[in-house]
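Here's the structure, in structure tokens; my notes come after.
Every heavy atom of this structure was used, including side-chain atoms; hydrogens, water molecules and symmetry mates were not.
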Amino acid sequence: MTAGTDPRAALREQRRRLSERPGDPAILSALFAALDALGEAGTPEEAVARSNFGEALRRQGRAAEAEAHHRRAVAWLPGFGGNHFNLGVTLQALGRTGEAAESYGEAARLMPSFAGAACNEGAMLRALGRWDEAEAALRRALATDCGLAAGWLNLAAVRRDRGDGEGAVRGFRNTLALRPDLAEAHANLALALKETDRIPESLPGFERALRLGLPDAGGVLAQLVQQRRHLARWDGLDELSVRLIAAVRDGRTEQVHPWIFLGEGAGPALERACAERYSAWRTRGIRPAFPLRRERGERLRVGYLSADYHEHATAVLIAELIERHDRDRFTIVGLSHGADDGGPMRARLRRGFDRFIDLSALPDEDAAHRIHAERIDLLVDLKGHTQHARPGIAAHRPAPVQAQWLGYPGSVGAGFIDYVIADAAVAPFDQQPAYSERIVHLPGSYQPNDRTRAIGPTPGRAACGLPEDGFVFCCFNAAYKIGPELFGRWCRLLDAVPGSVLWLLASHPEVPGNLRREAVARGVAPERLVFAPRLPGPDHLARYRLADLFLDTGPVGAHTTAGEALWAGLPVLTMLGGSFAARVGASLLRAVGLPDLVAESWEAYEAMALDLARRPEALKALRSRLAENREVAPLFDSARFARRLESAFTTMWDIHARGEAPRSFAVPG
């Protein structure tokens, strides 16, 4: 038998060749193949060599092959921490965060003096939402090496995850004291400053991070764009937007936040691409954890998943709906992963649900197991890609049918979400290619409303800083929705309507000064912009009655705010845009019987606003029609909305129970 057919002879030959050419990749590969053919373990030196060989493969982008070599190396020499560490690096590259945490943990146990192992273990545990364990691992790493910048960086990130914004800011600054050139630390410090309401302070950090360079700079670029929008700092914004759209269009980023990208108005197709990459990044390595189930109990169990069960726009919209669900046919479960503010809205929602489960302290996988244990038939994610979203929960597939609704105006781009609940205005069926979910149409509008909302006493105009007789154009949307081109149109309206004012929300202390300067640059006196402070619900709603016409924004329009204005009796003028976020105003106006206030272009929008400002009788007729329709129109008929939504839920389940793939459908009116 020759060496070519005798595995043991082949093994001897490869070892001989390797002694002559140490580290040769081809010889190493042949040596490992010979050992595997014999089912034998290599020597300790060969185990280390195999681990290093796997690391070389990983660096070449061949992570799956690398994993096989690492696992053999660990099996041959389980007591060597370096093998476990290299396996952890590869598992992390493959997105298998839980397994990577275990490998790093074993490496840290075997190599207690190597701070990098405990640091990486802490980073993976943090990604899993296991914050106590993550902090413990990171503190072990820093006790070993107090100058480890990555340890301070990840420890600060844990504080940020826990809502300790000030602690996060201090931690990221500590990191930068050690590594002032660390782009990731600048980016994270900027995020922490933004989240603690120090937006102007955050901008230099985002800019510095971009200059220093990041593996994926798209997320930081998007944040810079959004925070400048929040402050109405428009200089140079066009150039940043061009870069952002190009990064998404060219597939060079997966970290651009989809909600921010909606503000670019790049169209449904690119918005889906952005969401798909972001969802894949956020849920990388998560696999469905539960067996498929097609049977259900007597009542369909619907779970609403959200972080917003407190005084929040989503809570305001759904409160009455939750109370009006048919308990003979449905069990309605609140699944909360957000903070408890102890307020009246939280208490009302807890009373409204049949069961209310607090998931806020659980990692994503544990939260999914809790949902599965509740035997939820249909999970409705109310967050999508909005603040405090946790897509990792739904990615585990804890429910047989999963839908997204209300929170995010577009496709979330995730294969684990079967349906998007919409209507014919916001997501026409001909836009199905722009959605990874199947579109479900509710009659009227997709948006519920609470007709029990109280409206306070109407204040006087003077008390709100408004002229007694002048025409009041109003927009209480957040400043980030107002762009320079639209603001120019508004200034032309002010110029064309003597004595008129523009009434805006004071969303950030810097905004009034910036917008007034922009108005002056367009020939409009600064005092013709009036800014309203934030007020509690009833008082806020009452203010709408002082305005004459609500002007919608784009490409992200008024959503909850438009519903508030209509409920208070203020006509809303909108422009029908191309994407969900730009079509909500049209949906609400059609559902309240005012489709004639939906413009087909920005030019028509501007002309209609001017016409209404000059024809008080036409505006008075619109107000009268709105007052009449408010009592009977679908938009504010909560009981009818509940029945239609329940019909959608039942149809989704029936499609699933029959073993069919999800499909688009319209709920009958």
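Other residues, nucleotides and ligands contribute only 12 or fewer heavy atoms inside 6.0 Å of the CD atom of Glu298. Under a cut-off of 6.0 angstrom, the local environment of CD in Gln387 is sparse, with at most 12 non-hydrogen atoms contributed by other residues, nucleotides or ligands. Within a 6.0 Å sphere centred on CZ of Arg16, heavy atoms belonging to other residues, nucleotides or ligands number more than 12.
Using cut-offs of 30° and 60° for the angle between ring planes, the Tyr419 and Phe665 rings count as perpendicular.
Side chain of Gln404 to backbone of Gly410: a donor-acceptor contact under 3.5 angstrom is found. With hydrogens and angles ignored, the 3.5 Å screen pairs no side-chain donor or acceptor of Thr90 with any backbone N or O of Glu67.
The aromatic ring centroids of His257 and Tyr278 lie less than 6.0 Å from each other. Proximity of the aromatic rings of Phe290 and His369 is defined here by a centroid distance below 6.0 angstrom, and this criterion is met.
Distance check: Trp259 CH2 to Cys274 SG gives 13.0 Å after rounding to the nearest 0.5 Å. Between the OG atom of Ser51 and the NE2 atom of His69 there is a distance of 11.0 Å, given to the nearest 0.5 Å.
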What's the verdict on side chain to side chain contact (heavy atoms under 4.5 Å, CB included) for His70 and Glu55, showing C-alpha distance, side-chain angles and the deciding distance?
-> CA-CA 8 Å; His70 286 312; Glu55 175 62 8; 4.3 Å; yes
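Within the 4.5 Å cutoff, side-chain heavy atoms of Leu189 are placed close to those of Val169.
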